[in-house]
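Okay, so here's the structure we're looking at.
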Amino acid sequence: MARARPEDFLERSKGGRLKVYIGSAAGVGKTYRMLHEAHGLKERGVDVVLGFVETHGRADTAVLIDGLEVVPRKKIEYRGVRVEEMDLDAVLARKPQVAVVDEVAHTNAPGCRHRKRYEDIQEILAAGINVICAFNVQHLESLNDLIERVTGIKVRETVPDTFLKSADQVVNLDLSVEDLIDRLKSGKIYAPDKVPHALENFFTPEKLRSLRELALREVAEAVERAPAVPTGGTSKPRRVTGRVMVCMSSFSPRAAAMLRRGSRFAGRLNTDWFVVYVETPSESPERIDSAAQRHLLENIEKAKEMGAEVVRLKAREPVAALLDFARSHNVAYILIGRSHRPRWRRMVGDFVNRMVEEAEGFDLYIVSTEEEEDREP
């Protein structure tokens, strides 16, 4: 088999294409690999720049910056502290063939055009510039609850699954747990004073094995989701015909976890998904509680970020409205949250019970997210 070349990514694409390096944890070599690829592209005459690269003080990574063009960072004053961000406008004005961008899950400082760096990347791609970037699997939005259960750590900065799904090429940088721990102990990942804390918390063998398995699975699923290359006009992308519908209430503390479940469910089926909310007369804009309204709008924005089509229905009977929508929009799978109301109130008339009784012809999934809710601050 012919060995892949750095420029293959460009030769197979036109315009702004996205290549993502994904890893199980810090220190597996994502930034190192991107810089090494940038040198290979430059040697072959490709116009490549470093839009933003963070070496985290790793000498073997920092040395690879030499010889590559670096776009100067934008300096922003925030709460008396000067922070440095990627200069998006400078990258766009430079208009290289390829921009290398690190720390995709990063939250930009106030004053930047976009709130998140992945949104900066999306604008760069829209301008016709190819991007090579990287992030760790624990930053994937739909895995947020699972990562917390596995590691005991709540990851605050996330990247929506739609970003990874939009990639033209996904590369997993795999490193054995033993080798990664050896790199940590030898000071190749963090400063020596941070190593003991890391070994006791995130870098335990059990957690690293779980993260490694998740990274391998994500890349395998990304490859499976990718459209097949036509051969003789007969190959078509594998795609499930039935869509996924997530039912969202106005003020559920478990809504974020439900959205993550729906995103992963639809991603594995390689199908579209809806997030549907039914506005009853008591929840009209004039009557709904302000806290519930704010909570609802936040979840609607989160659903859109995760790639769902958000639909707001107006009806007195939520169950009937949801099922009518599902039947008319080719929905095959319905996800609803399990009720946590007291038993005496459920006996009076429960949404879940009615859905079970009336959702004939659908695959109905009753999702319990109590554990995730209890963990959220």
Side-chain angles (χ1 to χ4, degrees), residues 18-39 41-42 48-78 81-91 94 96 98-125 129-140 153 155-159 163-164 167 171-173 175 180 183-184 186-195 197-198 202-203 211 215:
L18 177 64
K19 181 173 184 176
V20 176
Y21 281 103
I22 193 166
S24 58
V28 298
K30 300 180 302 300
T31 305
Y32 182 92
R33 184 69 172 271
M34 287 195 300
L35 291 172
H36 192 273
E37 181 172 352
H39 277 284
L41 291 170
K42 182 182 177 182
V48 56
V49 303
L50 306 185
F52 189 97
V53 167
E54 181 57 68
T55 66
H56 297 287
R58 297 163 192 157
D60 56 346
T61 302
V63 73
L64 285 176
I65 292 179
D66 293 340
L68 295 172
E69 181 180 344
V70 179
V71 177
R73 299 181 181 184
K74 182 178 182 180
K75 296 177 175 60
I76 299 175
E77 292 286 340
Y78 178 60
V81 178
R82 176 172 287 191
V83 296
E84 295 184 345
E85 301 287 1
M86 180 172 69
D87 193 331
L88 174 60
D89 288 323
V91 174
R94 173 63 178 74
V98 179
V100 177
V101 182
D102 211 351
E103 304 286 340
V104 175
H106 172 76
T107 300
N108 293 327
C112 294
R113 182 151 66 249
H114 300 296
R115 188 175 68 88
K116 302 285 290 187
R117 185 163 291 156
Y118 78 82
E119 295 175 305
D120 292 337
I121 293 173
Q122 289 173 330
E123 185 170 344
I124 294 171
L125 293 168
I129 301 169
N130 300 295
V131 175
I132 300 173
C133 66
F135 65 93
N136 287 325
V137 69
Q138 65 262 29
H139 293 291
L140 200 59
I153 297 170
V155 178
R156 302 294 177 183
E157 293 189 318
T158 60
V159 178
F163 183 84
L164 184 62
V171 179
N172 177 49
L173 287 183
L175 191 65
L180 188 56
R183 283 179 56 81
L184 177 67
S186 62
K188 294 182 178 180
I189 300 178
Y190 296 134
D193 61 317
K194 296 182 178 180
V195 171
H197 179 76
F202 203 83
F203 280 76
L211 290 169

Hey, could you give me the [atom1]/[atom2] distance between [X] and [Y], rounded to the nearest 0.5 Å?
| X | Y | atom1 | atom2 | value |
| --- | --- | --- | --- | --- |
| Leu64 | His36 | CG | NE2 | 7.0 Å |
| Asn108 | Asp120 | CG | CG | 4.5 Å |
| Ile22 | Leu173 | CD1 | CG | 10.0 Å |
| Thr55 | Leu35 | OG1 | CG | 9.0 Å |
| Leu88 | Glu119 | CG | CD | 11.0 Å |
| Met34 | Thr61 | CE | OG1 | 9.5 Å |

Closest heavy-atom pair and its distance - [X], [Y]:
| X | Y | value |
| --- | --- | --- |
| Val100 | Val53 | CG1-CG2, 4.2 Å |
| Val83 | Ala109 | CG2-CB, 3.7 Å |
| Ile76 | Pro110 | CG2-O, 3.7 Å |
| Gly23 | Val28 | CA-CG2, 4.0 Å |
| Leu211 | Val137 | O-CG1, 3.8 Å |
| Val104 | Ala134 | CG2-O, 3.2 Å |

- prompt: Should Lys30 and Asn136 be marked as a side chain to side chain contact (heavy atoms under 4.5 Å, CB included) after you check the CA-CA gap, both sets of side-chain angles, and the distance that decides it?
  reply: CA-CA 9 Å; Lys30 300 180 302 300; Asn136 287 325; 2.7 Å; yes
More than 12 heavy atoms from other groups under 6.0 Å of [atom1] on [X]:
| X | atom1 | value |
| --- | --- | --- |
| His197 | NE2 | no |
| Arg82 | CZ | no |
| Arg33 | CZ | no |

With heavy-atom distances below 4.5 Å as the criterion, would you say the side chains of [X] and [Y] are in contact?
| X | Y | result |
| --- | --- | --- |
| Tyr21 | Thr31 | no |
| Ile132 | Leu41 | yes |
| Val20 | Cys133 | yes |
| Lys19 | Glu37 | yes |
| Arg183 | Leu175 | yes |

task: Look at the aromatic rings of Phe52 and His106 and report parallel, tilted or perpendicular, splitting at 30° and 60°.
output: parallel
query: Sequence neighbours excluded, which residues qualify as ring-ring contact (aromatic ring centres under 6.0 Å, His included) partners of Phe203?
result: Tyr190
query: Is the backbone of Glu157 close enough, under 3.5 Å, to the side chain of His139 for a donor and an acceptor to pair up by distance?
result: yes
- prompt: Is any side-chain N of the basic residue among Asp89 and Lys74 closer than 4.0 Å to the acidic one's carboxylate O?
  reply: no
Counterpart residues, salt bridge (Lys or Arg N to Asp or Glu O under 4.0 Å), relative to Glu103 (two or more places apart): none
field: Residues Glu85, Arg117; criterion salt bridge (charged side-chain N to carboxylate O under 4.0 Å, His left out); working and verdict
entry: CA-CA 9 Å; Glu85 301 287 1; Arg117 185 163 291 156; 3.3 Å; yes
